[in-house]
Enquirer: 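Here it is, the structure, as structure tokens.
Along the sequence shown, the residues carry numbers beginning at 1.
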Amino acid sequence: MDKPAHDHAAGHGCQTDSKAPVRGIWRFLVNRERAPLAIAAALLAVGAIMALTASPDWAWRAPLAVAIAVGGYPMASRGVRAIRTTRSLDINVLMTVAVLGAMAIDQWIEAAAVVVLFSIGETLEEYGLERARGSIRSLMNQAPAQARIMRDGREQMIKATEVIAGNRIAVLPGERFPADGRVSSGSTTVDQASVTGESQPAPRAPGDSVFAGTVNQSGFVEIIAERPGTDTAISRIISMVEDAQAQRAPMQRFIDQFARIYTPGVVAVAVLVALLPPLASAQPFDEWLLRALVLLVVACPCALVISTPVAIAAALSNAYTHGVLIKGGAFLEALGRVRTMAFDKTGTLTKGSSTVAEVVAYGEFCRSDVLRCAAALERRSEHPVARAIRRSAVSAVGDAPLPQPDHLEMSTGLGVSARFDNRDLALGSLEFAAALGIDISPVEDDIERLATLGQTPIVLSCDGQIAGLIGIADDPREDAAPTLRALKQLGIERLVMLSGDRELTAGATASKLALTDVYAELLPDDKFTRIKTLAGSAGPAAMVGDGINDAPALAAADVGIAMGAGTDAAFEAADVALTSNHLCQLPDLISLGRSVVTTVRFNTILALASKAIVVAIAAAGYSSLSVAILADVGATLAVTFISLGLLRRRWLDKHDPEFHSLALQARAAPVR
């Protein structure tokens with residue numbers, strides 16, 4: 001693969017070297033596998049020059065015959081194999097018939113030119129796909145070959161593939177991590193561009209996760225491997241992307257089906273062109289056979305067939321290099337047609353990190369009492385809300401000892417209760433308070449006020465009476481508002497929030513972000529039903545989420561998009577994964593999908609138009625086999641490099657200072 005214009009280890013974003021295609025195609029052509037093509041091209045040149053210098057017929061025909069044999073054998077063998085295995089007439093059969101026909105009417109230079117030019121066209125197709133997929137193959141060299149294992153206080157070097165879960169691994173500054181794991185000691189910054197596409201180094205401290213193949217930039221750290229060395233994020237990405245590139249988009253399936261019907265039809269028409277005029281009006285057979293052969297060459301659907309797979313592969317590779325995994329070309333095409341986008345709230349549109357925004361105390365309790373009691377109740381919980389309450393308590397009352405419960409009972413997802421000094425305390429949601437028989441009517445005004453501010457009310461009760469309310473806030477992500485505005489600029493007609501929060505709380509967040517619709521108090525099944533309804537009534541719909549409760553909706557959407565910080569269940573159910581966890585990639589993702597649809601349409605029109613022009617010229621009797629094959633190779637070259645342009649599409653990321661202004665501008669017209 002071509003080297004990028006910068007070193008990822010330096011922590012910069014992805015750019016494409018504008019001279020890389022020229023260098024890349026030269027390296028692609030100059031290798032042993034292209035030797036038959038090179039020999040055939042050289043012999044064609046020799047034979048043509050000898051024919052023009054009035055050499056004896058046998059002298060110039062000999063190099064042309066060898067050129068046809070050397071360059072045409074792979075083509076003919078593929079054609080025979082297609083007839084034997086699939087009982088079909090493919091491109092290779094068309095070209096083989098054209099070459100044999102040209103030889104039969106003593107057009108040796110034309111026959112050799114067809115062989116050489118067709119082989120060049122096939123090589124260009126192969127180059128396009130190789131270049132489009134090259135960035136994926138480069139991943140295989142990202143992970144180091146060895147790992148430094150710590151055993152009994154001593155270092156031991158082993159193969160990275162021999163790492164097992166639980167191994168303690170030491171990683172020096174400048175080295176790549178050999179396995180996926182979590183930092184156990186030390187702190188550093190990590191260049192994660194090879195996995196997430198992020199341009200900025202990410203700080204890592206004990207407890208933070210790291211991926212195999214990413215670069216430890218600044219500090220010595222030890223990590224605990226969480227997966228074997230053979231099962232890393234990079235290996236899973238490679239598998240996902242290769243599977244995605246093997247899948248065919250609806251556009252590609254249509255063109256393939258069209259070619260299977262089109263090719264035999266063209267052969268039948270060519271036979272009629274060769275036979276009917278001579279039989280019907282005694283016209284010269286050689287002249288009409290030549291026209292039939294020109295028709296065969298012109299009808300060769302090389303450019304048509306290659307127009308879609310190169311565009312799809314290039315777009316998938318482009319998306320990967322920016323930290324977006326797309327599980328197939330079908331989803332790229334679907335992204336280009338999306339008109340409705342639904343979002344989960346917590347962790348998707350919001351930061352997913354809870355904070356205590358407000359504390360309201362009642363009766364004998366003061367604010368610090370409410371926080372101390374709430375922190376004592378949540379002392380053993382690792383729920384984000386529990387951690388937020390403990391942080392706020394430390395900030396308010398310092399290191400003062402917390403009350404010790406006599407016994408503690410937790411109700412998963414609802415709340416916790418305990419007994420302190422012969423008093424019954426409970427902390428939890430409004431539903432939890434209602435289940436305990438606590439009357440919340442005296443504080444309903446405060447509950448409504450907190451909800452209107454976008455805060456989730458948490459109730460503290462003491463001996464069956466409300467002692468306090470804690471307003472938990474989850475602020476919108478910095479990139480949420482500009483991302484949603486950019487999506488509107490791109491023509492996304494409905495921006496919808498699907499949330500399990502109370503209606504007032506969800507509505508407050510939705511109003512800050514100017515969403516068009518909000519559906520609150522939804523269970524996972526409700527989200528599933530709602531996204532199915534949206535997809536049915538408002539055109540293709542995408543769902544963006546991160547949690548287990550989003551998985552059904554992600555699977556039901558036309559395109560499910562999982563955030564990078566989400567759960568494994570969300571990643572499995574989704575069709576697209578944003579490994580960098582940046583919402584601001586969504587406008588570029590939609591724009592990329594539309595560019596793929598537009599590119600394939602343009603390529604198809606170009607391929608068909610070029611053939612129509614040559615057919616018209618041939619019908620007038622002015623064309624030749626060489627002109628026909630040059631037109632086909634030219635169209636193939638054009639659609640290949642137009643498709644490869646998708647590799648160089650620029651993406652904006654969260655750290656780009658231009659994002660907040662450029663994200664508001666639509667960079668592609670909506671596809672209708």
Enquirer: Could you tell me whether Asp463 atom CG has more than 12 heavy atoms of other residues or ligands within 6.0 Å of it?
Expert: yes
Enquirer: Does any part of the side chain of Leu646, heavy atoms only, come nearer than 4.5 Å to the side chain of Ser595, both counted from C-beta?
Expert: yes
Enquirer: Which pairs with one or both residues in residues 429-443 pass salt bridge (charged side-chain N to carboxylate O under 4.0 Å, His left out), sequence neighbours excluded?
Expert: none
Enquirer: State plainly whether the residues Glu358 and Arg449 are in salt-bridge range, i.e. N to O under 4.0 Å.
Expert: yes
Enquirer: Applying side chain to side chain contact (heavy atoms under 4.5 Å, CB included) to Leu495 and Lys488, what does each step give before you reach the verdict?
Expert: CA-CA 8 Å; Leu495 296 170; Lys488 288 181 180 177; 3.5 Å; yes
Enquirer: For Arg339 and Gly491, which heavy atoms make the closest approach, and how far apart are they?
Expert: CD-O, 3.9 Å
Enquirer: Determine whether Leu371 and Ser392 make a side-chain contact, defined as any pair of heavy atoms from C-beta on separated by less than 4.5 Å.
Expert: yes
Enquirer: Are the side chains of Val639 and Thr604 in touch, meaning some heavy atoms are under 4.5 Å apart?
Expert: no
Enquirer: Side chains of Leu586 and Leu578: does their closest heavy-atom pair fall under 4.5 Å?
Expert: yes
Enquirer: May I ask you to test the Tyr362-Asp446 pair for a side-chain heavy-atom distance under 4.5 Å?
Expert: yes
Enquirer: Identify the heavy atoms of Thr348 and Arg477 that sit nearest to each other, and give their distance.
Expert: O-CD, 2.8 Å
Enquirer: Any side-chain to backbone donor/acceptor pair from Thr533 onto Thr529? Under 3.5 Å, distance only.
Expert: yes
Enquirer: Any chance you could measure Phe177, atom CZ, to Ile223, atom CD1, to the nearest 0.5 Å?
Expert: 6.0 Å
Enquirer: Is there a side-chain contact between Leu427 and Phe432, using heavy atoms and a 4.5 Å cut-off?
Expert: no
Enquirer: So does Lys512 have more than 12 non-hydrogen atoms from other groups sitting under 6.0 Å from NZ?
Expert: yes
Enquirer: In Å, rounded to the nearest 0.5 Å, how long is the span from SG of Cys373 to CD1 of Ile389?
Expert: 11.5 Å
Enquirer: Could you check whether Glu226 pairs with Arg182 (Lys NZ or Arg NE/NH1/NH2 to Asp/Glu carboxylate O, under 4.0 Å)?
Expert: yes
Enquirer: Taking all heavy atoms of Leu513 and all of Ala480, pick out the closest pair and write down the distance.
Expert: CD2-CB, 3.9 Å
Enquirer: Between Arg337 (side chain) and Val597 (backbone), is there a donor-acceptor pair under 3.5 Å?
Expert: no
Enquirer: How many angstroms lie between CG in Leu592 and CG in Asn318, if you round to the nearest 0.5 Å?
Expert: 5.5 Å
Enquirer: What are the two closest heavy atoms between Ile326 and Leu589, and how far apart are they?
Expert: CD1-CD1, 3.8 Å
Enquirer: Start with the C-alpha gap between Ile312 and Val596, add the side-chain angles, then the distance that decides, and say whether side chain to side chain contact (heavy atoms under 4.5 Å, CB included) holds.
Expert: CA-CA 7 Å; Ile312 294 291; Val596 169; 3.7 Å; yes
Enquirer: Answer yes or no: is there a donor N or O on one side and an acceptor on the other, between the side chain of Asp558 and the main chain of Ala541, under 3.5 Å?
Expert: yes
Enquirer: Rounded to the nearest 0.5 Å, how far apart are OG of Ser417 and CG of Leu425?
Expert: 9.5 Å
Enquirer: Would you check, one step at a time, whether the test side chain to side chain contact (heavy atoms under 4.5 Å, CB included) holds for Leu460 with Leu377?
Expert: CA-CA 10 Å; Leu460 175 70; Leu377 286 164; 3.8 Å; yes
Enquirer: Less than 4.0 Å between a side-chain N and a carboxylate O, is that true for Asp474 and Lys351?
Expert: no
Enquirer: Could you tell me whether the side chain of Asn603 reaches within less than 4.5 Å of the side chain of Ser643, counting heavy atoms only?
Expert: yes
Enquirer: Hey, could you give me the OG/CG distance between Ser499 and Leu515, rounded to the nearest 0.5 Å?
Expert: 11.0 Å
Enquirer: Can you tell me if CD on Glu503 sees more than 12 non-hydrogen neighbours from other groups inside 6.0 Å?
Expert: no
Enquirer: Which pair of heavy atoms, one from Glu493 and one from Thr516, lies closest together, and at what distance?
Expert: O-CG2, 4.1 Å
Enquirer: Gln585 versus Thr483: any side-chain heavy-atom pair under 4.5 Å?
Expert: no
Enquirer: Minimum heavy-atom separation for Ala508 and Thr452, please, with both atom names.
Expert: CB-O, 3.2 Å
Enquirer: For Glu409, is the CD atom crowded, meaning more than 12 foreign heavy atoms sit under 6.0 Å from it?
Expert: no
Enquirer: With rounding to the nearest 0.5 Å, note down the distance linking CG in Asp517 to CG in Leu534.
Expert: 7.5 Å
Enquirer: According to the salt bridge (charged side-chain N to carboxylate O under 4.0 Å, His left out) rule, which pairs have a member within residues 313-326, sequence neighbours left out?
Expert: none
Enquirer: Could you list the residues that satisfy salt bridge (charged side-chain N to carboxylate O under 4.0 Å, His left out) with Arg530, not counting sequence neighbours?
Expert: none
Enquirer: Set out, in order, the CA-CA distance, both residues' side-chain angles and the distance that settles side chain to side chain contact (heavy atoms under 4.5 Å, CB included) for Leu349 and Leu583, then state yes or no.
Expert: CA-CA 8 Å; Leu349 290 175; Leu583 268 181; 4.1 Å; yes
Enquirer: Quick one, Asp344 with Lys527, criterion salt bridge (Lys or Arg N to Asp or Glu O under 4.0 Å). Give me CA distance, side-chain angles, the key distance, then yes/no.
Expert: CA-CA 9 Å; Asp344 169 54; Lys527 289 186 178 182; 3.1 Å; yes
